[in-house]
Protein chains: 4
Amino acid sequence: MNHREGTEWRIRTAAVRALAKHGYANLSIKRIGEELGQSSSLLYHYFDDKDDLLLSTLDLIGEEFVEQQDHDEPSDPKADLADLIDAFFDPLSVAENSSTNEGEIEFKVVLVHVYAELWAQATRDERYRTKITELENQFVDEITQSLKRGIEENQFREVPPKKTAEHMFALFLHGLHTKTAVDRDEAAEMTRTSLYRLAERELSVDLRNFR
Amino acid sequence: MNHREGTEWRIRTAAVRALAKHGYANLSIKRIGEELGQSSSLLYHYFDDKDDLLLSTLDLIGEEFVEQQDHDEPSDPKADLADLIDAFFDPLSVAENSSTNEGEIEFKVVLVHVYAELWAQATRDERYRTKITELENQFVDEITQSLKRGIEENQFREVPPKKTAEHMFALFLHGLHTKTAVDRDEAAEMTRTSLYRLAERELSVDLRNFR
Amino acid sequence: MNHREGTEWRIRTAAVRALAKHGYANLSIKRIGEELGQSSSLLYHYFDDKDDLLLSTLDLIGEEFVEQQDHDEPSDPKADLADLIDAFFDPLSVAENSSTNEGEIEFKVVLVHVYAELWAQATRDERYRTKITELENQFVDEITQSLKRGIEENQFREVPPKKTAEHMFALFLHGLHTKTAVDRDEAAEMTRTSLYRLAERELSVDLRNFR
Amino acid sequence: MNHREGTEWRIRTAAVRALAKHGYANLSIKRIGEELGQSSSLLYHYFDDKDDLLLSTLDLIGEEFVEQQDHDEPSDPKADLADLIDAFFDPLSVAENSSTNEGEIEFKVVLVHVYAELWAQATRDERYRTKITELENQFVDEITQSLKRGIEENQFREVPPKKTAEHMFALFLHGLHTKTAVDRDEAAEMTRTSLYRLAERELSVDLRNFR
DNA sequence: GATGAATGAGGATTCATTCAT
DNA sequence: CATGAATGAATCCTCATTCAT
């Protein structure tokens, strides 16, 4: 991916890290500059203003999480679902486990934090709302597709795919928020369990094997 | 309730409204003063600083939502569950319906926003985290109790009550966040549906009647 | 004049001095603070922003120059005209002469500078234009009234009063600008001469006596 | 004129346009670059700094207005005076009339604005003052010469030429400033009338015919 | 109990300018 | 010749907070 270089990209990732570190409410241009290791005025060469930069940061999430799934080759819907769950929860639990691809995974963790952070802004800022909505729709679609294929191939029980996808996404999101926001360390694991139980009951599928 | 008066209470509710209106990131002492209709320096007589005031704001939520449930008289677990769901979603949909107790309900809506707003701060501020966790535990306990009673009285199927309560709370929270943060108006309704479906499948109970 | 006290007035006069000292283009909030001898953030308690303050500064000129003329008692039109000319040029030549009322006159000098300074802003800023126009109309009216009375009392020849007043004002203004802006020290005196010559030719009046 | 080409000249004219558009107080190197359509750092190849460029801008005015008058062939003093008046006021009223030489005249209008703009700087900056003074002297001389010739040839009444020229220039300048700065559209026309009346009374000449 | 005056630190952003290419 | 990267100082303004009254 050749877009992963150049000053603009460096600024964007610095913003992501600063956002994860300080939170939206305490994020200042100066801190982004510190994270970048350069003058904070530099970023005005590449972005209109703070929000422009932060907004552009959300695109990274789409690129990293959603678009990474490629649909060229036919794949196992069960495996897809299990992968999706792992993709979501691995970065969250990486702090403790931390095995391979250090930088890579760490960056994903950070992105998840960014998502949680900017999501709160969607309440009052139209631009954030639009982008977040778009992102969530992408994600729900991803799940919906997997469910549909699984149903077609008779691997899953016949459930309303969109509704079920949204239910699953609700659990994902709650896991994310709980993990990042609240004093319950077992939260991620609990959410994963909720998802497995849901898959078992509603889809009659055991995803545990794919872990 | 005699704690619902006096300057301190007026400041607290002004803070709640200001928080709902501007969001944590854009909340300033000055704006709270404006919402209060008095000098912003007044609040330093009653609170140590901004965070002290904001933190105390979270207590209002506990008082309004959780404590309102009284357990003196034995009640129908089904009805309890249905009430809980309504209590949570009514304020969110009140903008359209708006029937009775104007001020009262409006204040609840606002409280829900405040919760969503401060919740994001829990990530980085110990004090917020503690208080939010406490609040969420209260709420999950509430649900857990209802479930336990329902199971004892053979009204619900035998499920792990704590886990199920947490699953339900996850849906609650997701509904809340989605409704306040994202461009999907049908979100609250969808979450309500998810909860009913969950009750049906897991508890073998139809809560729709109690609406 | 009891409005000549209080913090607001102190800020306004500090702005006037800073404006005279540095010019509009080089005037910063910081410099106003320095001139005031207090924190520059203080002025935001009294004015919306920099322009609000600067605009309010123009009112001082109206108060000092135009309103000082009182029309209660009947007066000699010739003397009025001579006074007007003196009022305008004295502050300009005070740097050299400087006799009485030190502070008073000095403040007038400064006000004249302010006028010249902000006048340039009228080109691009509606608000400045409105206020400057208003001020100039006031001044031209003042002259027009004197001329009318002089004509009625057969002291002046019968000339179109408004047009003549505007011609005189043009000379005033040019004198002011030349004196403040250009390297010709005799400018003010020259303009005064122009005015006397104009009065002689057009009004058939010798104002020199009244000096 | 071969100096009307090359990058240096393009930069200078861009500065002139930017100055007319934004005013000295709001003029930035960046905006000059935008007006130029090239990188703003380019101008550091041709000028020492911002002031150097702006100062050099004043030379354009001399070139355009004063030097355009050629004295090789003997000419009618009346016509000269009428031409001078037209040269000054045509660019100002061009917005409405706009007939020939579009670009040419437009550029003159802009130059007049620039003059008014930089003139204000003369108050505090020696370098501006020197250049402006020089320019004004040039202009007054121009008028003085015409008057002298007119007197010698018995076309004008015998008046002190220098003083009269300065009086006329005062009116010119006032017309310019009033037109550009204040809300009186009839200002230019009024000043023209003042000049005609002055010519009539003092020089016993009717310039109206030459229009 | 309540206010308005006052402040210093920090907010985002723009500035003129330099430099390597 | 021309540019884009980069920067530190300066811009206006808002912030939370203190204090005398």
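Every chain is numbered from 1, with letters handed out A, B, ... down the list of sequences. Predicted model, so just to flag it, every value in this text is computed and none were measured.
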Is there a donor and acceptor pair closer than 3.5 Å between the side chain of D:S41 and the base of F:dG4? yes
Any donor-acceptor pair under 3.5 Å between the side chain of C:H45 and the base of E:dA5? no
I need the [atom1]-[atom2] distance between [X] and [N], as an integer number of Å.
X	N	atom1	atom2	result
C:Y24	F:dT11	OH	P	14 Å
C:I11	E:dA5	CD1	C1'	10 Å
B:K30	F:dC15	NZ	P	6 Å
A:D51	E:dA12	CG	P	10 Å
A:E34	E:dG11	CD	C1'	14 Å
A:W9	F:dA5	CH2	P	18 Å
B:N26	F:dA16	CG	C1'	16 Å
C:F47	F:dT14	CZ	C1'	18 Å

Roughly how far, to the nearest 0.5 Å, is the [atom2] atom of [Y] from the [atom1] atom of [X]?
X	Y	atom1	atom2	answer
D:I29	D:F47	CD1	CZ	10.5 Å
D:T7	D:Q38	OG1	CD	7.0 Å
C:R124	C:R129	CZ	CZ	10.0 Å
D:Q121	D:D51	CD	CG	8.5 Å

Only one of A:E35, A:E117, A:E34 forms a salt bridge (charged side-chain N to carboxylate O under 4.0 Å, His left out) with A:K21, so which one is it? A:E35
Which one is paired to F:dA20, where only Watson-Crick or G-U wobble pairs with both distances under 3.5 angstrom count? E:dT3
In terms of side-chain heavy atoms of B:Y44, which of F:dT17, E:dG4, F:dC13 is nearest? F:dT17
Quick note, D:K50 side chain, CB onward, closest among E:dA2, F:dT14, E:dA16 is E:dA16
Give [X] one of three labels, base, sugar-phosphate or nothing, depending on what nucleic acid heavy atoms sit under 4.0 Å from its own.
X	value
A:S40	nothing
A:L27	sugar-phosphate
D:I32	nothing
B:L43	nothing
A:S28	sugar-phosphate

Residue pair A:I29/C:L42 against DNA chain E: nearer the 5' end by closest nucleotide is C:L42
When you match A:Y46 and B:R31 each to their closest nucleotide on DNA chain F, which lands nearer the 5' end? A:Y46
